[in-house]
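Just below is one structure, and these are the notes that go with it.
Residues take their numbers from the sequence shown, with the count starting at 1. For the numbers below, each heavy atom of this structure counts, side chains included, while hydrogens, waters and symmetry mates do not.
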Amino acid sequence: MRNRIALTAALTTGLLALTAVSATAAPNESRTGASGDARACADVKLSGALPVPPAGMAVRQNVSIGPDCTPVLGPARLVPKAGPVANAQAAPAAAAADRQVRSWSEMYDCCNIRMTGLYTTSDWSSDGTVVTTSSTDATQQWNREPWNAGWSLKSSGKSADCVANCAVSTNVAEASFTYKGIFDPTGNVYANTHRTTVALKADGTASCEFEVDLKNTFIGWNWQRGCE
């Protein structure tokens with residue numbers, strides 16, 4: 001019961017953070033791709049945070065692009081581990097690690113096709129006072145089309161402010177993607193950039209923060225993010 005109360009409090013904290021999701025978008029009347037809606041949105045920026053759940057569980061949330069290019073937040077759901085992250089190219093846990101947390105940030109179009117995704121796997125050990133050791137790996141996935149077209153990885157990187165003997169190890173991963181294919185042969189219209197920040201703490205807890213920048217998007221696209 002105590003764990004359930006603590007998890008409820010953590011999820012409430014995460015939801016409060018998510019109510020402050022930032023989003024800016026400008027309508028783009030020159031429609032350049034099939035979307036199921038005549039409205040396009042330019043320069044959309046979204047952000048939010050989720051708490052890390054107990055072992056064996058995952059927290060997920062969807063954010064869709066709604067009318068007037070504003071974000072529509074879905075509920076943060078606590079579920080058993082399963083789904084998109086199970087198929088992500090995540091590195092195995094280090095044998096000496098006490099804890100592991102995995103995160104995912106994925107953009108889907110209106111037909112529920114995953115366009116781009118960033119995934120992280122973090123392992124860390126602590127003695128209750130400091131993080132003794134930590135490491136984070138990041139991988140990316142993107143959708144390709146026939147004839148060597150579709151989304152491409154433009155750049156990726158990761159950094160950590162501290163990996164040993166620190167109260168908190170803050171790890172940042174980033175991936176930028178471009179698109180050139182059926183819906184835009186020029187390669188100048190679409191671009192997605194994902195950034196994920198995972199904070200690993202000495203008390204064995206962790207948190208996931210997410211950002212995504214969309215050069216152009218359509219109403220009905222949705223961002224799926226989570227951690228476990």
Side-chain angles (χ1 to χ4, degrees), residues 21 23 25 27-48 50 58-77 79 81-90 102-121 138-156 173-196 208 210-228:
V21 166
N28 181 357
E29 298 302 332
S30 60
R31 186 178 176 191
T32 55
S35 69
D37 191 288
R39 291 290 302 279
C41 312
D43 298 325
V44 175
K45 301 180 185 297
L46 303 170
S47 63
L50 289 173
V59 176
R60 300 180 182 177
Q61 187 178 44
N62 292 2
V63 181
S64 60
I65 306 300
D68 299 322
C69 299
T70 56
V72 178
L73 298 176
R77 297 181 295 116
V79 298
K81 285 185 180 180
V85 75
N87 298 320
Q89 299 171 357
R102 299 197 295 172
S103 76
W104 62 96
S105 172
E106 301 176 313
M107 279 305 306
Y108 287 79
D109 66 13
C110 61
C111 299
N112 206 35
I113 296 173
R114 185 190 59 186
M115 297 176 288
T116 58
L118 172 63
Y119 310 87
T120 67
T121 300
T139 58
Q140 311 80 31
Q141 294 184 5
W142 55 95
N143 184 57
R144 296 294 292 168
E145 297 168 358
W147 307 292
N148 195 29
W151 289 94
S152 298
L153 179 65
K154 179 181 179 181
S155 64
S156 64
E174 181 170 307
S176 295
F177 303 88
T178 57
Y179 175 88
K180 184 176 183 180
I182 296 172
F183 300 108
D184 172 39
T186 70
N188 297 322
V189 176
Y190 302 107
N192 295 349
T193 298
H194 297 255
R195 283 179 297 278
T196 299
C208 301
F210 306 92
E211 297 175 81
V212 64
D213 298 341
L214 309 173
K215 185 176 181 180
N216 282 290
T217 182
F218 284 106
I219 294 171
W221 282 21
N222 66 94
W223 181 27
Q224 300 185 19
R225 61 196 180 193
C227 57
E228 63 180 23

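The SG atoms of Cys69 and Cys41 sit under 2.5 Å apart.
In terms of heavy atoms, Ile219 sits closest to Gly66 at CG1-O, 3.6 Å. Across Asp109 and Asn222, no two heavy atoms sit closer than the pair O-ND2, 3.8 Å. In plain terms, the two heavy atoms of Ser156 and Gln140 that are nearest each other are CB-NE2, 3.7 Å. In plain terms, the two heavy atoms of Tyr179 and Asp184 that are nearest each other are CE2-N, 3.6 Å. Considering all non-hydrogen atoms of both residues, Gly181 and Glu145 come closest at CA-OE1, 3.6 Å.
In Lys215, the NZ atom is crowded: over 12 heavy atoms of neighbouring residues, nucleotides or ligands sit closer than 6.0 Å.
Counting only heavy atoms from C-beta outward, the side chains of Phe210 and Leu50 approach each other to under 4.5 Å. A heavy-atom distance below 4.5 Å is not found between the side chains of Glu174 and Leu118. Between Phe177 and Met107 the shortest side-chain heavy-atom distance does not fall below 4.5 Å.
We find the CZ-CZ distance between Phe218 and Phe183 to be 9.0 Å, quoted to the nearest 0.5 Å. Rounded to the nearest 0.5 Å, atoms CZ (Arg114) and CH2 (Trp142) are 10.5 Å apart. Atom CG in Leu214 sits 5.0 Å away from atom CG in Asn192 (nearest 0.5 Å). Separating the CD atom in Glu106 from the CD atom in Gln141 is a distance of 7.5 Å, to the nearest 0.5 Å.
Checking side-chain atoms of Asp68 against main-chain N and O of Thr70 turns up no donor-acceptor pair under 3.5 Å. Within the 3.5 Å criterion, the main-chain N or O of Gly74 finds a donor-acceptor partner in the side chain of Gln61. Judged by distance alone, the side chain of Asp213 and the main-chain N or O of Thr193 form no donor-acceptor pair under 3.5 Å. Remark: side-chain polar atoms of Arg144 are paired, donor with acceptor, to backbone N or O of Trp151 under 3.5 angstrom.
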Thr121/Thr139 under side-chain contact (heavy atoms from CB on, under 4.5 Å): CA gap, chis, key distance, verdict: CA-CA 9 Å; Thr121 300; Thr139 58; over 6 Å; no
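A donor atom on one side chain and an acceptor atom on the other are found under 3.5 Å apart for Ser105 and Trp223. Side-chain polar atoms of Thr120 and Ser103 form a donor-acceptor pair below 3.5 angstrom.
Between Tyr119 and Trp104, the distance separating the two ring centers is not shorter than 6.0 angstrom.
Among residues two or more places apart in sequence or in another chain, the side chain to side chain contact (heavy atoms under 4.5 Å, CB included) test is passed with Ser155 by Ser176.
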